[in-house]
Number of protein chains: 2
Amino acid sequence: MPQPSDLLTRLAVSTVIFALRPDHSGRSVLWTPLVRRTREPQRGYWALPGGWLPPNEELEVAAARTLRATTGLAPKYLEQLYTFGQVDRSPGARVVSVVYWALVQSDEAARASAGPNVRWVPADTLPALAFDHNRIIEYALWRLRNKVEYAEIAHAFLGETFTLAELREVYEAVLQRSLDPANFRRQMIASGRLRETGERLAGAPHRPPRLYRYDTSAVTAESREPFMRERPAS
Amino acid sequence: MPQPSDLLTRLAVSTVIFALRPDHSGRSVLWTPLVRRTREPQRGYWALPGGWLPPNEELEVAAARTLRATTGLAPKYLEQLYTFGQVDRSPGARVVSVVYWALVQSDEAARASAGPNVRWVPADTLPALAFDHNRIIEYALWRLRNKVEYAEIAHAFLGETFTLAELREVYEAVLQRSLDPANFRRQMIASGRLRETGERLAGAPHRPPRLYRYDTSAVTAESREPFMRERPAS
DNA sequence: TCAAAAGTGTTGGGGATACACCCATGG
DNA sequence: CCATGGGTGTATCCCCAACACTTTTGA
């Protein structure tokens, strides 16, 4: 069944990774890690983390593995984004890339490993990247911003427990607009997926906010998308 | 850069094709064409139309080509669905399938080519198919039913011009529930994407309905998704 | 003139937005 | 006691579902 000509097309897996970090002015914005290419083609350019698909490894596992390899982190959210296969997207060979996108906990990302060949950059102001990776990240950003509005994924940027102000800051950073705290609170509570921990966060010079936890069991079968696991592979 | 072990994974493109056809009771329901496998593995089973990806062919073009090969039709809507790559989804070899989904005009589909190895079946009551193709079609159905509710793709089942009753019948068939004609009319008009042709459809024993046309130019840049062309490749 | 579908009008409820206002804490 | 963010109350708007009602045709 295999034809000789097929040997020319290679299959790769790449991952767009998002975390929230403060920018120069202190506001939270989206950052993404890139790796420097040490080989041709496009040597020296920054590119998405990824690699060839090992024949015995699941696609999602390969995505989580490259994520861990470049950041030292485990994804809190991981989903297939799109498969890019333009004939001319890589010079010299036909490369089809199955691309995933991931969200990682922001405080973990702050102490994520970096090195001369790994660099975090603001996702909205990218330099010129290798191949079609600019387009890919733009698409991932579009998907993230869309999905945040109808799916409950924002908590993936946060730890186990969080305040509504922290959660709101995630939404504001992703959507790039400020939200009314009062209405935001009601929307989140109305979703039925936040559980009070009973604890509060003290220390700030004002009324201490309640701490919440995201309740995975409250996701109904109707609203769940196919192929969406709670704990992504790692 | 290629490693010898990669030669074991094969890349295929398959397409889930939808058209509306009357079922035994005369109501419009979704149908999809399947092809009988004439080789191992899974010989004799019905499967999605598809084939290996030729190294010099774009993914979307390959999808449109297999669509044409099995139905003789050109897609009115074509979009990438998902890439399936489970290690064990095909016995004997690692096969990664980039799957597309397509909508074809229903009156064309009625006279679509069929043969001993091509068969149209109701998409909601499938027999046991080859590989993981049942799961794939279920996912495509889920996507179609979701997308019909927020994107304007229903007209892809119809011809150049159509009445609001015909368009409503599409929605009702896809969503499997009846819709209020009065409210449906207002929603569609409010979308701003229907243009009156000025003509009416006569012949029935009642008030002749207006004929409309879908206005592709009315799609704003903000609402458009990345990678979505108006005329799919053929 | 009648049946049936096309098309219009009207009403009420639910959710989102805007914003006024009170609460609780550290300094 | 004051500044600050946490948290509640409430009026308004808009979209949508429900449904009564009028219009227009072929038979």
Side-chain angles (χ1 to χ4, degrees), chain A residues 22 26-28 145-146 148-152 154-155 158 161-213 220 222-223, chain B residues 22 26-28 145-146 148-152 154-155 158 161-213 220 222-223:
Chain A
R27 239 171 34 99
S28 271
R145 294 193 160 123
N146 261 282
V148 149
E149 298 199 289
Y150 69 87
E152 319 227 327
H155 63 93
L158 301 172
T161 63
F162 46 85
T163 68
L164 280 167
E166 289 169 335
L167 188 61
R168 179 164 50 83
E169 197 186 343
V170 172
Y171 276 82
E172 292 183 335
V174 171
L175 299 178
Q176 295 180 304
R177 61 190 172 90
S178 57
L179 300 171
D180 185 299
N183 295 329
F184 180 80
R185 152 179 304 278
R186 271 185 292 258
Q187 284 181 347
M188 290 302 113
I189 299 301
S191 79
R193 293 195 172 95
L194 294 187
R195 293 283 164 266
E196 293 189 21
T197 62
E199 299 182 354
R200 288 162 183 273
L201 187 63
H206 49 66
R207 180 171 173 176
R210 288 194 252 259
L211 281 169
Y212 292 86
R213 176 190 316 281
T220 63
E222 285 73 41
S223 68
Chain B
R27 239 171 37 98
S28 271
R145 293 192 160 123
N146 261 280
V148 149
E149 299 200 287
Y150 70 88
E152 319 227 325
H155 63 94
L158 302 172
T161 63
F162 47 85
T163 69
L164 280 167
E166 289 170 335
L167 188 60
R168 180 163 50 84
E169 197 186 344
V170 172
Y171 275 83
E172 291 182 336
V174 171
L175 299 177
Q176 295 180 304
R177 61 192 172 90
S178 56
L179 300 172
D180 183 298
N183 296 328
F184 180 80
R185 152 180 304 279
R186 271 185 292 258
Q187 284 181 348
M188 290 301 113
I189 299 301
S191 80
R193 294 197 170 95
L194 295 187
R195 293 283 164 265
E196 293 190 20
T197 62
E199 299 182 354
R200 288 162 182 274
L201 187 65
H206 49 66
R207 182 171 172 174
R210 288 193 251 258
L211 281 170
Y212 292 86
R213 177 188 315 281
T220 62
E222 284 75 41
S223 67

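Source: prediction; values computed, not measured. Atoms considered below: every heavy atom in the structure, side chains included; atoms not considered: hydrogens, waters and symmetry mates. Every chain is numbered from 1 and lettered A, B, ... according to where its sequence line falls, protein lines coming before strand lines.
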- Item | Nearest-Å distance for atom pair CG/C1', residues B:Leu179 and D:dA18 | 13 Å
- Query: For the side chain of B:Arg207, counting heavy atoms from C-beta on, which of C:dA6, D:dG6, D:dT8 is nearest?
  - Reply: C:dA6
- Item | Spacing of B:Glu166 atom CD relative to C:dA5 atom C1', expressed in whole Å | 13 Å
- Are any non-hydrogen side-chain atoms of A:Leu211 and A:Arg213 less than 4.5 angstrom apart? no
- Between C:dG7 (P) and B:His206 (NE2): distance, integer Å: 11 Å
- Message: At less than 4.0 Å, is any side-chain N or O atom of B:Gln187 found next to OP1 or OP2 of D:dA17? Yes or no.
- Response: yes
- Message: Please compare B:Arg210 and B:Pro205 by the position of their nearest nucleotide in DNA chain C and report the one closer to 5'.
- Response: B:Pro205
- Query: Would you say A:Asn183 and A:Arg186 make side-chain contact, with heavy atoms under 4.5 Å?
  - Reply: yes
- Message: Taking only side-chain N and O atoms of A:Arg185, does any of them lie within less than 4.0 angstrom of OP1 or OP2 on D:dG7?
- Response: yes
- Task: Flag the pair A:Tyr212 / A:Arg195 as yes when at least one side-chain heavy-atom distance between them is below 4.5 Å, and no otherwise.
- Result: no
- Task: Can you see which heavy atom on B:Ser178 is nearest to which on B:Glu172, and at what distance?
- Result: CA-OE2, 3.4 Å
- Query: So which one's nearest nucleotide on DNA chain C is more toward 5', A:Asn183 or A:Ala202?
  - Reply: A:Asn183
- How is A:Ala204 classified with respect to the nucleic acid when contacts are heavy atoms under 4.0 Å: base, sugar-phosphate, or nothing? sugar-phosphate
- Please state how far atom CZ in B:Phe184 lies from atom C1' in D:dC15, giving the value in whole angstrom units. 17 Å
- Query: How close or far is atom C1' of C:dT10 from atom CG of B:Asp180, stated in whole angstroms?
  - Reply: 13 Å
- Query: Counting any heavy atom closer than 4.0 Å, what does B:Ala190 reach on the DNA or RNA strands: base, sugar-phosphate only, or nothing?
  - Reply: nothing
- Query: Quick one: B:Met188 CE to D:dC15 C1', roughly how many Å, whole number?
  - Reply: 14 Å
- Whole Å only: how far is the CZ atom of B:Arg186 from the P atom of C:dT8? 9 Å
- Tell me, do A:Leu164 and A:Met188 make a side-chain contact under 4.5 Å, heavy atoms counted? yes
- Message: What is the separation between atom CG on B:Leu201 and atom C1' on D:dG26, rounded to the nearest whole Å?
- Response: 13 Å
